Amino acid sequence: MKVTVSEEWLNACSGCEIAIVDMGERLLDVLALVDFVHIPVLMDHKYLGQKGDGQHISLPEADVGIISGSIRNTEHLEVAREMRRRCKLIIALGTCATHGGIPSLANSFDNAAILDRYYNTETTDKPEAIPDQGIPALLDACYALDEKIAVDLYLPGCPPHSDQVFNALAALLDGKTPNLPGKSVCDTCPTRREGKGRLTALRRFLQAPRYRNDEPIDRMRCLLEQGILCMGPVTRAGCGGDQVVPRCVSARVPCRGCYGPVRQDGDQMLDMLNALASNGVDIESLPETASMLRFSGAHHRLRPRT
Ligand code: SF4
Ligand code: SF4
Ligand code: SF4
């Protein structure tokens, strides 16, 4: 009998769903073993019954529930709770689901400030009243999935590498628990580390790293040692998939931390500040550093100022 799978996207961009499709021909192997009973990115689903007159969201039962995206409004919360009720196992897919991700960058501001900015400052249209009818109410902040419902398996990444999605599904279908890398991005990075001297200052955000186009990646010096803020030391490995080499660094771009902390409950921002401070970098003198570090998967820990 096939394993039934239900997939939902909450406060999400659909990049995680593309990671599923990116499995390519391996998707055919997966589809031979599973039945998608609900997946709104591909199939229409009437959440409130065929006539739309139901009072509560209703989803089908499934063996496995995959959820991408964070929880930002009352509809996301209701869908997440219904998925938890209907699915035997819940997988948080992507860093929005595992840690809040990019949408939780807005957690530095309260809802009034966010709506004011959106409707009253960044538009060429005449400001209208902020809509509050017929749409789900915002929660007070953006939440990672496990802050609202129990999660059984975490697959971080923005988006997760399709190799990891496939390996995790293959392990589950085989009755095994998927293994996630317990290392940092640096542990899988082939760049040249000299460790000479100590990093005392960071270069400006837009400055390009030094490397030669015709040289392989293992000839390029570590970006952090070049003074470029690279979050590899505090970010979970895995983004290179089966090829291992970190995706951004292989394109000569510093890691921005999209896989979240090395440990699920770690705090990337604090860990990175510690790493920089222990190298003698004066964080206060570099205002850009703080804003760069905000792009971290651990950002959901910030809550609106009261
Ligand atoms: S984790 Fe990244 S790819 Fe996935 S929904 Fe969030 S922003 Fe999109
Ligand atoms: S800091 Fe960045 S460039 Fe240096 S080893 Fe770590 S991931 Fe690679
Ligand atoms: S190098 Fe860092 S930011 Fe880039 S894909 Fe990997 S974990 Fe994400």
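The model shown is predicted, which means the values in this text are computed figures rather than measured ones. Just follow the structure's listing: the first ligand is 1, and inside any ligand the first atom is 1.
- Between the side chains of Gln268 and Tyr259, no donor N or O sits under 3.5 Å from an acceptor N or O.
- Atom 8 (Fe) of ligand 1 has no N, O or S atom of Cys158 inside 2.8 Å of it.
- Residues Tyr47 and His45 bring their aromatic ring centres within 6.0 Å.
- Taking 2.8 Å as the criterion, Cys258 counts as a coordinating residue of atom 8 (Fe) of ligand 3, since one of its N, O or S atoms falls below it.
- The single protein non-hydrogen atom nearest to atom 2 (Fe) of ligand 2 is Cys230 SG, 2.3 Å, given as residue, atom name and distance.
- For NZ of Lys2, the number of neighbouring non-hydrogen atoms (other residues, nucleotides, ligands) closer than 6.0 Å is greater than 12.
- The shortest heavy-atom contact between Lys148 and Leu139 is CE-CD1, 4.5 Å.
- For Glu225, no heavy-atom contact with ligand 2 is shorter than 4.0 Å.
- Contact annotation: for Cys96 versus ligand 1, heavy atoms closer than 4.0 Å belong to both the backbone and the side chain.
- For atom 8 (Fe) of ligand 2, the candidate residues are Pro209, Cys189, Pro233; the nearest heavy-atom contact is made by Cys189.
- Residues Ile91 and Asp152 have side chains not in contact (no heavy-atom distance under 4.5 Å, counting atoms from C-beta outward).
- Less than 4.0 angstrom separates some heavy atom of Thr235 from each of these atoms of ligand 3: 7 (S).
- Residues Arg192 and Glu225 come closest through the heavy atom pair O-OE1, 4.4 Å.
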